[in-house]
Amino acid sequence: MEGQEINSHDKAFAIIPKVGGILSIIGCVLILRDVFLKVKKHKTIPLTAKIMTLITVANLFIAFWENFLSTWMVPKDSGAFMASGNVRTCNLQAFISVLMYMIVETAYTMLSALYYITVVRRDWTTQRTRSLTVVFSFLGLPIIIGLSTAVPLLAAHQYNFDGLYSCNIAAYPLHCWHNNVPCTRAPNASYIRGWLYIYVLACFAFIIIFLSVLMYNVKKQEAELAKQSSCDYLQGIRGQGGLSNPIVGSCWRYLTVFFIPNLALMIWGVIDISGINLSDTGWRFVDYLYVILWPMFGALNGLVYFRLRYLHEKKSSPEATWTSLLGKALSIPSVIKPSTVNETLPPPMSSLNDHYDLYTPLFEDDNATGSNNEVL
């Protein structure tokens, strides 16, 4: 394949993911830095934050090994643009990609389930979510599923160049089953990828179900509280949009972050499962959709993670410059400027079971539930 002609699409497929990979690396590093600062100050973090930390670590590995390095890890004889690797680097890239991908997909599903049970199941207290059994169930399961998928595929030599910009689950030579050429490695790769597509679609379906039931129950509990109380404080909150907005809004934002990068994968899954035949133009569209959106996973996570804090800083200090607000949101002292504006936020609203600060479902202050000493 060394003599294969490299066209403009091949070059774009190799370069575009590097841009998204860099942005995702930045987003992931900022989130992990923020988690480190919180752990250093509060000593512990809630389970939702631990799951998001696991997702961020996995996204960081994907952003670097798969998206930023892209074709640099692909064997030179693959014909890919800027291919500089060999079989070993290809296996390494694919193993990390599959492992971390399975962790991310499973962890997002677990996160949505945790949102559901901590809001709808009132017997699920913060203390209960800190038990070793619960923590292992929510953090250990994604890792176990990831390893149980990635390791056997590595042993079965299922990792090869996938024809876009990285090594993944693919047959060798590339497209051998379409070209009536014997596949010397991974002849059943297309079937394995089909099962992974089904898993992604199942994860997305479970997330939709969990969050839909969550939203329904939050709305229902909000209506019940409104009927039982006529105090001015509750009416004031309802006038601002209701108790459901912080929880439901945050959940749906993270759902959107999950959906956008996985859009091309889900399209591929539907096409493979249903046996739809696309034209070359149609496949090219899906390919570009993938190389543009998938590498942005970590960056989109970072935007959602810091968005709420930035808005609160802006509400607290309306006269501050955007650079100062951004510095506060990212906890970067060098760009934080002194302000004469009163920066004390109103007491944070507690969730319906009084265990999570709705300003930030990922963290809570261990010193006192509902404390306004530190609001993320």
Chemist: Tell me if the centroids of the rings in Y199 and Y101 come within less than 6.0 Å of each other.
Modeler: no
Chemist: Report yes if some heavy atom in the side chain of V98 is under 4.5 Å from a heavy atom in the side chain of L153; otherwise report no.
Modeler: yes
Chemist: Does a side-chain heavy-atom distance below 4.5 Å link D287 with H9?
Modeler: no
Chemist: Determine whether I271 and L278 make a side-chain contact, defined as any pair of heavy atoms from C-beta on separated by less than 4.5 Å.
Modeler: yes
Chemist: Going through the checks in order, is the side chain to side chain contact (heavy atoms under 4.5 Å, CB included) test met by I169 and L196?
Modeler: CA-CA 10 Å; I169 304 171; L196 290 183; 3.1 Å; yes
Chemist: Using the ring centroid of each side chain, check whether F13 and F81 are separated by less than 6.0 Å.
Modeler: no
Chemist: Treat each ILVMFWY residue as a node, draw an edge where side-chain heavy atoms are under 4.5 Å apart, and state whether V135 and I143 are in one component.
Modeler: yes
Chemist: Between C90 and P75, is any pair of side-chain heavy atoms under 4.5 Å apart?
Modeler: yes
Chemist: Output the distance between atom CD (Q93) and atom CG (N67), rounded to the nearest 0.5 Å.
Modeler: 9.0 Å
Chemist: Which value, rounded to the nearest 0.5 Å, describes the distance between S78 atom OG and D162 atom CG?
Modeler: 10.0 Å
Chemist: Walk me through it: do R253 and R307 pass the test side chain to side chain contact (heavy atoms under 4.5 Å, CB included)?
Modeler: CA-CA 10 Å; R253 277 189 289 271; R307 170 189 173 275; 3.1 Å; yes
Chemist: Can you name the nearest heavy-atom pair linking A171 to A189, along with the distance?
Modeler: N-CB, 3.6 Å
Chemist: Using the ring pair (Phe, Tyr, Trp, His ring centres under 6.0 Å) definition, which of the options F258, F138, F210 pairs with Y108?
Modeler: F258
Chemist: Testing the basics here: between G146 and I103, what is the closest heavy-atom pair and its distance to 0.1 Å?
Modeler: CA-CG1, 4.5 Å
Chemist: Report yes or no: does R185 contribute a side-chain atom to a donor-acceptor pair with the main-chain N or O of P173 at less than 3.5 Å?
Modeler: no
Chemist: Do N262 and Y290 meet the criterion of a side-chain donor-acceptor pair at a distance under 3.5 Å?
Modeler: no
Chemist: Do Y159 and S97 get their side chains close enough for a donor-acceptor pair, meaning under 3.5 Å?
Modeler: no
Chemist: For the hydrophobic clusters of this structure (ILVMFWY residues joined by side-chain heavy atoms under 4.5 Å, transitively), does one cluster hold both I260 and I55?
Modeler: yes
Chemist: Is there a donor-acceptor contact under 3.5 Å from the side chain of N160 to the main chain of A170?
Modeler: yes
Chemist: Would you say F259 and M266 make side-chain contact, with heavy atoms under 4.5 Å?
Modeler: yes
Chemist: Out of curiosity, does F136 fall in the hydrophobic cluster containing L47 (side-chain heavy atoms, cut-off under 4.5 Å, transitive links)?
Modeler: no
Chemist: How close do S112 and L211 get, counting heavy atoms only, and between which atoms?
Modeler: CB-CD2, 4.0 Å
Chemist: Between T109 and A107 (side chain of the first, backbone of the second, donor and acceptor by atom type, cut-off under 3.5 Å), is there such a pair?
Modeler: no
Chemist: Parallel, tilted or perpendicular: which describes the rings of F64 and F68, with under 30° parallel and over 60° perpendicular?
Modeler: parallel
Chemist: Under the side chain to side chain contact (heavy atoms under 4.5 Å, CB included) rule, what do F306 and D34 come out as? Steps first, then yes or no, please.
Modeler: CA-CA 10 Å; F306 289 105; D34 188 72; 4.1 Å; yes
Chemist: What distance separates I96 CD1 from L92 CG, expressed to the nearest 0.5 Å?
Modeler: 4.0 Å
Chemist: To the nearest 0.5 Å, what is the distance between CD1 on I51 and OG1 on T56?
Modeler: 11.5 Å
Chemist: Any donor-acceptor pair under 3.5 Å linking the side chain of S148 with the backbone of I145?
Modeler: yes
Chemist: Which atoms form the tightest heavy-atom contact between P152 and L147, and what is the distance?
Modeler: CD-O, 3.6 Å
Chemist: Counting C-beta onward and ignoring hydrogens, is there a side-chain heavy-atom pair between M110 and P142 closer than 4.5 Å?
Modeler: yes
Chemist: Counting only heavy atoms not in K18, do more than 12 sit closer than 6.0 Å to its NZ atom?
Modeler: yes
Chemist: Do any N or O atoms from the side chain of T89 and from the backbone of N86 form a donor-acceptor pair under 3.5 angstrom?
Modeler: yes
Chemist: Atom OG of S166 and atom CG of L164: how far apart are they, to the nearest 0.5 Å?
Modeler: 7.0 Å
Chemist: Tell me whether Y197 at atom OH has more than 12 heavy atoms from other residues, nucleotides or ligands lying less than 6.0 Å away.
Modeler: yes
Chemist: Output the distance between atom CG (L139) and atom CD1 (I144), rounded to the nearest 0.5 Å.
Modeler: 11.0 Å
Chemist: Between A80 and F161, which heavy-atom pair has the shortest distance, and what is it?
Modeler: CB-CZ, 3.6 Å
Chemist: Tell me whether Y216 is reachable from F206 by hopping between hydrophobic residues (I, L, V, M, F, W, Y) whose side-chain heavy atoms are closer than 4.5 Å.
Modeler: no
Chemist: If hydrophobic clusters are built by linking Ile, Leu, Val, Met, Phe, Trp and Tyr wherever their side-chain heavy atoms come under 4.5 Å apart, do V87 and Y172 end up in the same one?
Modeler: no
Chemist: Can you confirm whether W283 is buried at CH2, in the sense that more than 12 heavy atoms of other residues, nucleotides or ligands lie under 6.0 Å from that atom?
Modeler: yes
Chemist: Side chains of D10 and Y165: donor-acceptor distance under 3.5 Å anywhere?
Modeler: no
Chemist: Do L201 and I198 make a side-chain contact, defined as non-hydrogen atoms from C-beta onward lying under 4.5 Å apart?
Modeler: no
Chemist: For side chain to side chain contact (heavy atoms under 4.5 Å, CB included), just list the numbers for M52 and V35, CA-CA rounded to whole Å, side-chain angles, deciding distance to a tenth of an Å, and then say yes or no.
Modeler: CA-CA 10 Å; M52 182 52 63; V35 172; over 6 Å; no
Chemist: At their closest point, which heavy atom of C28 faces which heavy atom of G298, and how far apart are they?
Modeler: SG-CA, 3.9 Å
Chemist: So with a 6.0 Å cut-off around CG of N277, is the heavy-atom count from everything else above 12?
Modeler: no
Chemist: Using a 3.5 Å distance criterion without hydrogens, assess whether the side chain of T71 forms a donor-acceptor pair with backbone atoms of A14.
Modeler: no
Chemist: Are V134 and S137 packed together at the side-chain level, in the sense that at least one heavy-atom pair is separated by less than 4.5 angstrom?
Modeler: no
Chemist: We want to know whether Y288 and R284 form a side-chain donor-acceptor pair, criterion being a heavy-atom distance below 3.5 angstrom.
Modeler: no
